[in-house]
Amino acid sequence: MTPQPPSPQPPFPHPKIGIRPIIDGRRRGVRESLEDQTMAMAERVAALYSAELRHPDGTPIECVIADSTIGRVPEAQAAAEKFRREGVGLTLSVTPCWCYGTETIDMDRTMPHAIWGFNGSERPGAVYLAAALAGHAQLGIPAFGIYGEHVQDADDETIPDAVRTQLLDYARAGLAVATMKGRSYLAMGGVSMGIAGSVVKDEFWSKYLGMRNEYIDMSEFDRRVREGIYDPDEYEKARSWIRENLTQGEDFNPAEDQMTAQHDDWWDYCTKMTLIGRDLMVGNPRLAELGFGEEALGHGALASGFQGQRQWTDGMPNGDVMETVLNTQFDWNGPRPPHIMATENDALNGASMLFNHLLTNKAQLFSDVRTYWSPEAVERVTGHRLEGRASGGIIDLRNSGSTTLDGTFAATVDGEPGIKHWWDLTEDDQAAMLGATTFHPANVGYFRGGGFSTHFRSAGEVPVTMCRVNLVDGLGPVMQIAEGWTVELPDEVATTIEARTDRAWPTTWFVPNLTGEGALTSVYDVMNAWGANHGAISHGHIGAQLITLCAMLRIPVNMHNVAPDQVFRPKAWLSFGTQDAEGADFRACATFGPLYG
């Protein structure tokens, strides 16, 4: 199908990648002999980035190449000025030769930097790489070093696979950093049920992510409903689409607690909440046409969270339909980028979802890290013995009523279940996700005001990564990462387990990849070591990219199962120890401090 225009987005420019071709400054033969080779390196990387990378709205990224090769300070300054004018958010320096270290490096402390030194024996590109990275470290501006393992000939224009991977991982993480800068997290409400993650800490968002925090009271939803501050034409379109496509499932409440007569009113209200939630985040020019100029602006929010429980849900329809639809990559207007919205205003899980989203350009699951089910417990309760990936037990990832429909993994990626980019979604993909999902009247024991909860079971054998940022007093933010796989259970087994909690909630069974060491020794150890009650789950194994992103932001990683040869951090991290990489990460992050701190 032809993708529909995305929903309104803030008028922020897309960050660009600045490419700096670095050259030996000696004239009268040396520099002249290297001009074509050096500029060709820059152009090859720009072509790679333009072909492989997109912004979350689907727009291909743009590269800005310095007007000339850079051999001395004035040329470095001229490139920096050009990059400032062009909106560059990260830089990559490339060189096949020796150059003058601190005279040519980028001195901006508030953006990521990397250097690709060509491994060729004719000219010492690796020597410049070492000198320039030493300069970066000495000045306190960490930079990533990229250097191929095998010597290439001077006229070899290929980019080795390992170099290509590092170039792309660096760029994805750097673009995530640049995209977050200056944007907002919108807290819709306050702290939900004493959940620490919904205590929004400005110093984390501002110093580590470069983002501001915006706040509204949840009563703003009801005010906008009562005063009609939403597009009435879009509401009719959305209401019709929701009632035609969101299948209402069984009411699992006891008969005396069922409120069937209110269901239609709930659907109306939940539809309006969905429109209002989006408008609060990103604005809506249509509201200005209706006379609501202030509300039309939105809050410039790249992510948000809705408190819900309990001050809202004790008397009003819950936010599960809103959260589900906004986090999903399509709606009544067709395919579009997801609007990242965290349940219970868990801002730290919202940040984790945002990291995943910006690295992948895909929708993210918000889940409770709810229960470890040992093989023995599953067999005792259901009579079923777990096998295969699940033989060591499973972790029940089940949010209390909502998550993205993309989390059904009903779309197919290269013939396998997964999450597509929104611009690749077909009508069949959308129908498959909707067909795998039912919306049940909410459990009134939890949600006295009613509403609906989203239920599906995620497809199995899907590679996923679960992560979570946690805050520790005196330490600051730390990141946990667990790559693994989803699994499926027989229907009667899944139903029995779901019924012990809530059959109306979305379910994902997760098995982490185990390393046999530390917190990754067993599935139980992963559950036991998890730092909070929520996790952000992304399609694909993206742990290495998360580690790179965290290093850029100076967030240490206290738990991961990424292979050592895939970990990519700034070269300066090795100065903090080479035998204990985890400890070195903590020491480096503490020494350099938050990116904007």
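These values consider heavy atoms only, across backbone and side chains, with no hydrogens, waters or symmetry-generated copies.
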Review point. With sequence neighbours left out, what residues match E52 under side chain to side chain donor-acceptor pair (under 3.5 Å)?
Key: R164
Could you give the side-chain donor-acceptor pairs of residues 405-417 under 3.5 Å, partners two or more places apart or in another chain?
{"from": "D406", "atom 1": "OD1", "to": "Q329", "atom 2": "N", "distance (Å)": "3.0"}
{"from": "D406", "atom 1": "OD1", "to": "T404", "atom 2": "OG1", "distance (Å)": "2.9"}
{"from": "D406", "atom 1": "OD2", "to": "Q329", "atom 2": "NE2", "distance (Å)": "3.0"}
{"from": "T408", "atom 1": "OG1", "to": "L405", "atom 2": "O", "distance (Å)": "2.9"}
{"from": "T408", "atom 1": "OG1", "to": "A410", "atom 2": "N", "distance (Å)": "3.1"}

Check your understanding: For H421, which residues count as a side chain to side chain donor-acceptor pair (under 3.5 Å) partner, sequence neighbours excluded?
Key -> none
Exercise for review: Using the test salt bridge (Lys or Arg N to Asp or Glu O under 4.0 Å), find all partners of E582 that sit at least two apart in sequence or belong to another chain.
Suggested key: none
Practice item. Return the set of residues passing side chain to side chain donor-acceptor pair (under 3.5 Å) with Y49 (not counting sequence neighbours), or none when no residue passes. Key: none
Review point. Looking at residues at least two apart in the chain, or sitting in another chain, which of them share a side chain to side chain donor-acceptor pair (under 3.5 Å) with S184?
Key: none
Could you list the donor-acceptor pairs under 3.5 angstrom formed by side chains in residues 124-138, with sequence neighbours left out?
{"from": "Y128", "atom 1": "OH", "to": "T104", "atom 2": "OG1", "distance (Å)": "2.9"}
{"from": "H136", "atom 1": "ND1", "to": "I141", "atom 2": "O", "distance (Å)": "2.9"}

Review point. With sequence neighbours left out, which residue pairs that include part of residues 78-87 fulfil the side chain to side chain donor-acceptor pair (under 3.5 Å) condition?
Key: K16-E86, D67-K82, E81-R84
**Study point:** Test: E289 and R286 ion pair at under 4.0 Å
**Key:** yes
Exercise for review: Can you run down the ring pair (Phe, Tyr, Trp, His ring centres under 6.0 Å) pairs that involve residues 61-85, sequence neighbours left out, and say none if there aren't any?
Suggested key: none
Revision key, fill the gap. Across all chains, not counting sequence neighbours, the salt bridge (Lys or Arg N to Asp or Glu O under 4.0 Å) partners of R54 are none
Exercise for review: Using a 4.5 Å cut-off on heavy atoms from C-beta on, say whether the side chain of I17 contacts that of Y170.
Suggested key: no
**Study point:** Within residues 555-571 or reaching into it, pairs that qualify as salt bridge (Lys or Arg N to Asp or Glu O under 4.0 Å) - sequence neighbours excluded
**Key:** R569-D585
Exercise for review: May I ask you to decide whether R468 forms a salt bridge with D346, counting only side-chain N to carboxylate O separations under 4.0 Å?
Suggested key: yes
Can you give each donor-acceptor pair under 3.5 Å made by side-chain atoms of residues 208-216, sequence neighbours left out, with the distance rounded to 0.1 Å?
{"from": "E214", "atom 1": "OE1", "to": "H299", "atom 2": "ND1", "distance (Å)": "2.7"}
{"from": "Y215", "atom 1": "OH", "to": "D202", "atom 2": "OD1", "distance (Å)": "2.4"}

Review point. Do H14 and D57 have side-chain N/O donor and acceptor atoms under 3.5 Å apart?
Key: yes
